[in-house]
Every structure is written in structure tokens, then in C-alpha cells.
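Structure record follows, encoded as C-alpha cells.
Lettering of chains follows the sequences in order, A, B, ..., and the numbering in each one begins at 1.
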Amino acid sequence: MTNERVRVRVAPSPTGAMHLGLARTALYNWLFARQHGGVFILRIDDTDQERNQAEMLLPILEGLRWLGLEWDEGPDRGGPYEPYYQSQRKRIYQEAVEKLLACGAAYLDYATPEDIAREREQARQEGRTCRYSRRWMAETATERARFEAEGRKPVVRLKMPQEGGMVVEDLIRGRVEFDLALEQDHIIQRADGSFIYHLTSAVDDGEFQISHIIRAEEHLSNTPRQIFILQALGYKLPRFAHLPFVAEPGSKNKLSKRKLKEYLKKPEFNELMRRGEKIARRMGWTVNDDLFNPVVVDFYQRVGFLPEALINYLALLGWSLDDRTEFFTREELTRLFSLERVAKAPASFDPQRLLAFQVHYMMARSVAERVELVLPYLQGAGLVSSPPGDEEKMMVNRIVQAAGDRIKVAGDILDYEYFFLPDTGLAIDEKALIRWVRPEAQQAILRELLAVLGSVTSFDPENLIGLVDGLADKSGVKPMAVSQALRVALTGRDYGFAIVDCMLILGRERTISRIERALQGLAR
RNA sequence: GGCCCCAUCGUCUAGCGGUUUAGGACAUCACUCUUUCAAGGUGAAGGCACCGGUUCGACUCCGGUUGGGGCCA
């Protein structure tokens with residue numbers, strides 16, 4: 001490679017959501033650009049849809065920003081090759097088409113769809129592969145006039161060479177050869193004047209001086225005709241690197257956001273979705289499958305994943321450094337990433353592994369940081385005031401501390417709603433109450449505890465542990481039964497944090513009031 | 001249907017001809033720790049799709065088969 005500047009791009013269509021596959025493609029491009037001191041470009045392939053564009057584009061822009069994949073040129077940012085929206089570049093495409101026509105790399109074609117269908121049918125009957133006969137090709141004014149006299153409308157087709165081969169030296173796949181005899185004369189401009197993807201994509205890659213096209217494998221088969229366009233237009237050819245797909249959990253099909261229902265049959269996928277839905281419900285969000293969908297980056301942002309977790313997971317979905325390193329900072333990725341080490345086979349998306357990365361990065365944050373992450377959810381659910389008071393913050397701090405890695409994503413804090421509810425509003429699990437609190441011996445202990453709690457000089461861990469242990473010793477009730485009785489009284493359930501943590505989170509007053517309430521609940 | 005791509009534990013992967021009884025991670029299971037639930041600790045189970053070749057030697061190279069996927073039709 002010469003020392004030309006590295007310029008890479010990612011070219012999403014504004015589809016209203018940011019697919020994980022796009023996120024990974026963007027990441028690899030971004031890493032490659034950063035590593036080479038190059039430029040990462042965001043181009044919007046919106047030739048097909050011009051309505052609601054801003055709205056449909058937003059999730060992608062926000063997703064990229066959230067992941068920290070800032071683009072150097074593109075929407076909201078501009079750059080030397082503006083505009084970066086294909087819908088605004090029609091003049092450039094038109095010029096390109098004229099040029100292709102002028103140099104004989106393309107031609108006007110007056111065949112009707114019926115003509116084409118007929119040719120295809122005939123080819124099928126003769127058992128040969130169909131290639132357009134160019135019967136309605138018009139290269140001279142006379143020919144054009146003749147077809148137009150018949151009332152025909154032209155499309156523009158590429159005039160592909162009909163023999164020989166074309167070789168793509170792919171940076172990931174190596175040498176890939178195509179037989180040009182099998183290539184069609186693809187349409188590049190429709191009768192209505194609109195342009196076909198291959199044309200616009202190739203022209204822009206040329207115009208933007210793209211040095212490396214790093215994109216998904218689905219484009220590999222289209223590469224010859226794009227190279228043909230690029231060459232005919234006299235652009236310097238970029239290098240190509242075709243990434244394997246991000247596949248569905250447990251299959252090699254391409255991951256699709258439209259197949260959510262099917263994926264939900266997979267337990268681990270379902271679990272992730274349920275986790276999200278639980279958070280959404282408590283936050284009072286109305287969600288739709290388009291965005292609140294584990295195939296879409298938005299989902300992770302909303303339920304409280306950490307971008308570094310997603311980045312690390314995505315980086316390893318199809319790339320590896322060696323046989324053991326699994327945690328990478330963004331800087332390390334930038335330094336160590338290489339296309340040579342990108343896998344060739346599709347990699348399926350595994351929600352469990354992603355969650356494992358999330359837990360790792362969550363626990364790498366300090367308690368104070370986790371408190372900040374978690375607070376918006378509590379505020380959103382109306383469990384703490386906005387802004388939170390010092391005491392509320394302290395309580396959240398204790399909960400986060402006590403929860404440890406039970407809080408995997410920030411929204412999981414809402415699992416501990418029961419600490420925030422007013423004591424009178426705490427729902428107590430009936431079965432747990434009967435099992436752990438109803439026995440007379442347990443009730444006696446709780447009553448005794450009540451008597452002492454008010455007078456305990458200081459409400460600190462050692463004192464409380466001593467107190468609870470002492471009661472168990474004295475009464476002869478098993479320690480576990482004592483703590484379970486207390487746990488049920490304080491939290492309404494028979495599982496959760498260490499009992500002393502529960503007491504400290506609630507504080508003296510609320511501890512007392514919750515025990516009283518539990519005992520009253522039994523009396524009823 | 002034609003062309004192209006791909007193929008190591010359930011999943012992500014390491015392996016670029018001998019150092020491999022195929023290594024790691026996630027998930028799973030067992031045991032352990034634990035005054036609940038998690039977490040932690042220890043360990044186990046689990047894989048080179050198949051068939052030919054090349055080679056003294058093949059997970060690794062070549063060919064084919066099968067399977068999966070993509071593009072075009």
C-alpha cells in the first residue's frame with residue numbers, strides 16, 4: 001500500500017433502527033480508520049426513501065454516538081465531499097451515467113419488462129442461463145428514435161464485458177474470481193430516472209476517495225460490477241474487505257430485526273428480551289418491536305448496557321487477537337485490530353456472552369459510577385425524586401453496593417423497587433410470610449427485636465449482626481430461620497441481600513415499621 | 001437454477017504440516033463456600049462435517065461430497 005490516506009465509510013440506509021450487524025461493520029471501519037490515522041465517513045444511502053428521513057436516521061446517528069463511533073465526515077458534520085446524503089447527490093449520479101454512456105460502458109436499453117421476461121423464459125426452456133441479448137440496446141440516435149417511436153422508455157444498463165474474468169483481491173477472503181460471461185448487464189438507472197444502488201454506491205466510493213471498503217459479505221457478489229463502474233469512471237480502485245455476517249443465535253442465517261418473534265423462542269434471547277420488557281414496564285415506556293428489540297442497538301442503550309461492553313462483544317464477534325485475550329479497551333482495540341485476523345465464517349449472536357461482557361464492565365465501574373448509571377431509572381420510575389436528595393442517594397449507594405453484580409444492566413436497579421416503596425405499600429409474598437414469619441417462635445423473635453431495635457445505641461453493622469445472632473442463640477431458632485423471617489418482613493420476599501444490608505438500606509425507622517407491619521399482616 | 005462465500009466443543013474462537021492427550025472464553029453440570037438469593041472457588045463434560053489424495057506425518061495443503069449462507073435470476 002502506498003501512503004495514501006486511509007478513508008473508510010459506512011453507508012447505512014435510514015431504516016429507523018441500528019442493527020447489530022451495522023454496529024459491528026461501523027466498529028471495524030472506525031477501528032481501521034483510527035489505527036491508520038485515517039478518516040471514518042458516514043454516508044447515508046437514502047436514494048429509495050426521502051420521507052421521514054430525519055426521523056428514520058436518528059437511531060443510527062444516536063447509536064453510533066452512544067457507541068463512541070464518531071464519524072469524521074458525514075451528517076451533522078459536513079466535510080470536503082458534501083453532501084453525504086445520496087438523496088442530495090442526484091446530479092453527480094446523472095453526470096456519472098452520462099459519462100458511462102459516453103464512453104460505452106453503459107447503454108440505453110429500450111426493452112420492456114415483458115421483453116426481458118420473454119427472453120428469460122426462452123433461456124429457461126433451452127436450459128441455458130439467461131443473459132440479456134441487448135436486442136433493444138440503442139447506441140445511436142437512429143436506434144433511439146426507432147425504439148422511441150414504438151413508445152418505449154429507456155433504462156440505462158451497464159455494458160459489461162462478456163468474456164474474461166475479474167479478480168477481487170479481498171483483504172479478508174483472499175483472491176476471489178468471477179467469470180464475466182455470467183455477469184448481467186445490470187440496470188443502473190431506471191426508466192423513471194432514479195438510480196440503482198450499485199451505481200450510487202460505486203460513484204460515491206469513488207468521489208469520496210474511499211481507500212478501503214469494509215462491508216458485509218452480502219456485497220461480495222456485487223463487487224465486479226462496482227469495480228467495472230469505478231474503472232470506467234476512472235476512479236482509483238479501493239481495496240475490498242468483506243466481513244462475514246452476524247448470524248442468528250444458533251444458526252447461520254443473517255441476523256434480522258424482523259425475525260424477533262422467532263428468536264424469542266430461544267431461551268437466552270427470550271431472557272434478554274424479558275429483562276428489557278420488565279424494565280420498560282416499570283419505566284412506563286410504550287415500546288415497539290422496531291427499536292426495542294435485542295437485534296437493535298437502541299435496546300441496549302435504553303435498558304442500561306454499557307457501550308464498552310457492546311463494543312468489546314462486537315469486536316470479538318468475528319475477530320480475535322489470540323487464543324486468550326478477551327477484554328479490550330477501545331485504545332487496545334484500535335492498536336491491535338487487524339483485518340487479517342477477521343474470521344471468514346459467520347458468527348452467531350449470543351446474548352449470554354454479551355451479558356457476560358456487560359457484567360464484567362459494570363463491575364469495573366465504581367459504586368459511585370454505578371449509582372449515577374442507575375439513578376435515571378429510579379427517577380424515571382418515580383422511585384426517587386429528581387434531583388435525588390442526599391439521603392436517597394445514600395440509600396441507592398447502599399443498594400448498589402449490596403447488590404454487587406446482581407445489577408447487570410443499569411435498569412436492573414428496578415428489581416429493588418421494594419426498598420423504595422413506602423412501608424405501607426410493600427407487598428409481602430404470602431407463601432414466604434406463612435413459611436417464615438407465621439411460626440410462633442419467629443413472631444416472638446421479631447417482637448423481641450422490635451423492642452430492642454428502638455434502643456440499640458448505634459445502628460451499625462456489627463451491632464446489628466450481634467443483635468440478630470444473639471436472638472437466634474437465645475431462642476434456639478435456627479439462625480437461617482431468623483434471618484429469613486426478618487428478610488420477609490423487611491423486603492416482602494425470602495431471597496435477596498444479606499439481612500444486615502437490608503436493615504442498613506432501610507434505616508432504623510423503616511426497619512421497625514416494616515417488622516411491625518409484617519406482624520400486623522399476620523394478625524389480620 | 002447459475003455464480004460466489006463459508007465449515008474446529010451448544011456459542012464465540014485459538015490453531016497458519018510435527019511443540020496438540022486440539023488451547024481459551026460464554027453457557028451447561030457437579031462439588032465447594034455461604035444464616036436466604038446471587039457471586040466466589042474447584043473440577044467435569046463437550047469439537048476438528050464426510051470421503052479421497054499429497055506427505056515420513058494432516059485440524060492445518062489439494063480435490064470431491066454433504067451441509068449452511070449470500071448474490072443474481
Side-chain angles (χ1 to χ4, degrees), chain A residues 116-117 119-121 123-124 127-132 165-166 168 170 172-186 198 216-225 242-255 266-269 271 312-327 340-360 363 402-408 412 415 432 435-436 465 468-469 472 477-488 490-491 493-502:
Chain A
I116 299 291
E119 285 203 355
R120 203 173 290 146
E121 181 52 33
R124 197 209 319 266
R128 58 182 170 84
T129 53
C130 170
R131 195 173 57 184
Y132 175 47
M166 188 177 277
V168 178
D170 192 277
I172 293 172
R173 266 144 234 287
R175 188 186 173 87
V176 183
E177 291 180 49
F178 295 87
D179 183 355
L180 288 177
L182 271 2
E183 275 287 321
Q184 301 291 332
D185 285 350
H186 286 277
H198 302 294
E217 189 196 326
E218 61 192 293
H219 297 289
L220 181 56
S221 309
N222 305 329
T223 305
R225 82 191 70 133
H242 287 93
L243 306 172
F245 287 107
V246 175
E248 301 173 346
S251 116
K252 296 296 176 199
N253 289 326
K254 187 173 147 188
L255 187 67
K266 300 262 169 197
E268 66 275 12
F269 201 93
E271 197 186 320
N312 198 152
Y313 172 73
L314 253 19
L316 254 19
L317 195 62
W319 173 85
S320 65
L321 176 68
D322 54 29
D323 64 338
R324 53 199 63 245
T325 319
E326 49 175 344
F327 296 115
E340 294 72 45
R341 293 199 59 85
V342 172
K344 294 192 184 84
S348 41
F349 170 60
D350 178 2
Q352 282 180 319
R353 189 161 146 89
L354 170 56
L355 195 61
F357 277 102
Q358 166 61 19
V359 170
H360 172 86
M363 293 313 284
D405 70 358
R406 291 169 174 95
I407 297 176
K408 299 188 194 313
D412 284 343
D415 283 342
R435 170 147 188 226
W436 297 108
I465 290 172
V468 176
D469 284 353
V477 173
K478 279 196 302 199
M480 185 188 73
V482 175
S483 57
Q484 284 298 68
L486 211 39
R487 194 186 319 281
V488 172
L490 297 180
T491 67
R493 62 211 73 215
D494 56 4
Y495 57 88
F497 304 159
I499 198 63
V500 176
D501 285 333
C502 294

Between A:Tyr313 and A:Phe349, how do the two ring planes meet: parallel, tilted or perpendicular, split at 30° and 60°? perpendicular

Looking at every strand, decide which applies to A:Glu268 at a 4.0 Å heavy-atom threshold: base, sugar-phosphate, or nothing. nothing

Closest to the A:His198 side chain, choosing from B:rU36, B:rU13, B:rC72: B:rC72

Taking the nucleotide of RNA chain B with the nearest heavy atom to each, does A:Ile172 or A:Leu317 sit closer to the 5' end? A:Ile172

Would you say A:Arg341 reaches B:rG15's phosphate, i.e. side-chain N/O to OP1/OP2 under 4.0 Å? yes

Judged by each residue's nearest nucleotide on RNA chain B, which is more toward the 5′ side, A:Ser483 or A:Val176? A:Val176

Complementary nucleotide of B:rG63, counting Watson-Crick and G-U pairs under 3.5 Å: B:rC51

Consider the side chain of A:Ser348, meaning its heavy atoms from C-beta on, and name the nucleotide among B:rC12, B:rC3, B:rC71 that approaches it most closely. B:rC12

Which letters describe nucleotides 22-33 of chain B, given B = protein heavy atom under 4.0 Å from base, S = only from sugar-phosphate, - = neither? -BSBSS------

For A:Gln484, is there any backbone N or O sitting under 3.5 Å from a side-chain donor or acceptor partner on A:Asp494? no

Would you say a side-chain N or O of A:Asn253 is under 4.0 Å from OP1 or OP2 of B:rG69? yes

Quick one: label A:Phe349 by what it contacts on the DNA or RNA (base, sugar-phosphate, nothing), any heavy atom closer than 4.0 Å. nothing

Go through B:rC3, B:rC71, B:rC5 for me and flag the one nearest to the A:Ser221 side chain. B:rC71

Mate of B:rC31 where both pairing distances stay under 3.5 Å, Watson-Crick or G-U: B:rG41

If B:rU20 has a Watson-Crick or G-U wobble mate with both distances under 3.5 Å, name it; if not, just say none. none

Shortest side-chain distance from A:Arg487, nucleotide among B:rG69, B:rC12, B:rU36: B:rU36

May I have the distance from A:Glu218 (atom CD) to B:rC4 (atom P), rounded to whole angstrom? 19 Å

When you measure from the side chain of A:Ala347, which nucleotide among B:rC6, B:rU36, B:rC12 comes out closest? B:rC12

Using a cut-off of 4.0 Å on non-hydrogen atoms, how would the nucleic acid contact of A:Arg406 be classed: base, sugar-phosphate, or nothing? base

Any strand counts, and the cut-off is 3.5 Å on both contacts for Watson-Crick or G-U wobble. Which nucleotide pairs with B:rG2? B:rC71

Is the phosphate of B:rC12, meaning OP1 or OP2, less than 4.0 Å from a side-chain N or O of A:Lys252? yes

Nearest-angstrom distance from the residue atom NZ of A:Lys344 to P of B:rA7: 7 Å

